[in-house]
Amino acid sequence: MMATAVYLEKKLAGICTYHRCAKPPSDGAQLCPRHLAKQRKRDATYKAKLRARRRHAGQCAFCPAKSKTYRCMACLIKAGLGPTKSVQSSVDKSARIAARTVMHGDGRTRYHGQARRGQQSRAQLDEQDLADAIARLQRAKDGLAAARSPEAQLLPRIQREDAERAALAQLELAGRFLDDVGERNSRLNGPVRIPASGRR
């Protein structure tokens, strides 16, 4: 209980929550840059070992499902990596983030998503949400095609169903992005109703 109280005190005081550290935390984190880097390294090592153990046991590296491949079909769909897809989109995203990340004079690294301060404009938010909705719909389309492909028919029924559920979940996420756009613009012409997957 004492450790929890100290943790909360440090968090409220805006200092690194690592034991006996009094440095300011990194942006968007509760640890200073040094301890955040150590924590991320520990997390990466743990996840790498977990993936290796799962593969050794004949499981998907990212879930306990039995799989002959590194990722089972459901995890491929969740990651947006269908049979015809590559990791190009995630690489492009990383490059965009790196291009907008700047180290300031105080030694802190900050991400600048837009040139001016303040909230993004409605047009920017709409553009992002619509792009995300389209991407999720494409994931759903590709995922359903993969889950119903001849290759998928060779998988156990439960794995085929997991793959279809993962694809259909993308429709629900797309619906949420569309709902956000509709609510954001409802003042223009009354409430905008966007039907989402599975809603009645």
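Note: hydrogens, waters and symmetry copies are ignored here, and every other heavy atom, side chains too, is used. A quick note: this is a predicted structure, and the numbers were derived from the prediction, not measured.
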Which pairs, with at least one residue in residues 143-169 and sequence neighbours excluded, count as a ring-ring contact (aromatic ring centres under 6.0 Å, His included)? none
Residue list, side-chain hydrogen bond (donor to acceptor under 3.5 Å, both in side chains) with Glu151, at least two apart or on another chain: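 Ser149.
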Does [X] reach the main-chain N or O of [Y] with its side chain, forming a donor-acceptor pair under 3.5 Å?
| X | Y | answer |
| --- | --- | --- |
| Arg139 | Lys78 | yes |
| Arg136 | Ala131 | no |
| Gln59 | Pro64 | yes |
| Gln124 | Ser121 | yes |

Between atom [atom1] of [X] and atom [atom2] of [Y], what is the distance when rounded to the nearest 0.5 Å?
| X | Y | atom1 | atom2 | result |
| --- | --- | --- | --- | --- |
| Ser67 | Arg55 | OG | CZ | 5.5 Å |
| Leu155 | Asp162 | CG | CG | 10.5 Å |
| Asp179 | Glu172 | CG | CD | 8.5 Å |
| Leu173 | Leu178 | CG | CG | 11.0 Å |

Could you name each residue pair satisfying side-chain hydrogen bond (donor to acceptor under 3.5 Å, both in side chains) that touches residues 44-54, not counting sequence neighbours?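 As it turns out, the side-chain hydrogen bond (donor to acceptor under 3.5 Å, both in side chains) pairs with a partner in residues 44-54, which skip direct neighbours, are Arg51-Tyr70.
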Tell me the side-chain hydrogen bond (donor to acceptor under 3.5 Å, both in side chains) pairs involving residues 7-17, sequence neighbours left out?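 Residue pairs with at least one partner in residues 7-17: Tyr7-Gln30.
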Compare every heavy atom of Ala147 with every heavy atom of Ala152, then report the nearest pair and how far apart it is.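 Minimum heavy-atom separation between Ala152 and Ala147: CB-O, 3.2 Å.
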What are the two closest non-hydrogen atoms of Ala140 and Leu171, and how far apart are they? CB-CD2, 3.6 Å
Of Cys16, Pro24, Pro25, which meets side chain to side chain contact (heavy atoms under 4.5 Å, CB included) against Cys32? Cys16
Contacts of type ring-ring contact (aromatic ring centres under 6.0 Å, His included), residue Tyr18, not counting sequence neighbours: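 ring-ring contact (aromatic ring centres under 6.0 Å, His included) check on Tyr18 returns His35.
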Look at atom [atom1] of [X] and say whether more than 12 heavy atoms of other residues, nucleotides or ligands are closer to it than 6.0 Å.
| X | atom1 | answer |
| --- | --- | --- |
| Ile158 | CD1 | no |
| Arg157 | CZ | no |
| Arg34 | CZ | no |

Report the C-alpha distance between Asp43 and Gln39 in whole Å, list the side-chain angles of each, state the deciding distance to 0.1 Å, and finish with yes or no for side-chain hydrogen bond (donor to acceptor under 3.5 Å, both in side chains). CA-CA 6 Å; Asp43 289 346; Gln39 180 64 50; 2.9 Å; yes
Starting from the C-alpha separation in whole Å, work towards a yes-or-no answer on side chain to side chain contact (heavy atoms under 4.5 Å, CB included) for Val181 and Leu125. CA-CA 8 Å; Val181 174; Leu125 294 172; over 6 Å; no
Measuring only between side-chain heavy atoms, which start at C-beta, is Asp180 closer than 4.5 Å to Asp126? no
Student check: side-chain heavy atoms of Glu164 and Glu161 closer than 4.5 Å: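 No, their side chains stay 4.5 Å or more apart.
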Leu36: partners by side-chain contact (heavy atoms from CB on, under 4.5 Å), with sequence neighbours left out: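 Counting only residues at least two positions away or on another chain, Leu36 forms a side-chain contact (heavy atoms from CB on, under 4.5 Å) with Ser26, Ala29, Leu31, Arg40.
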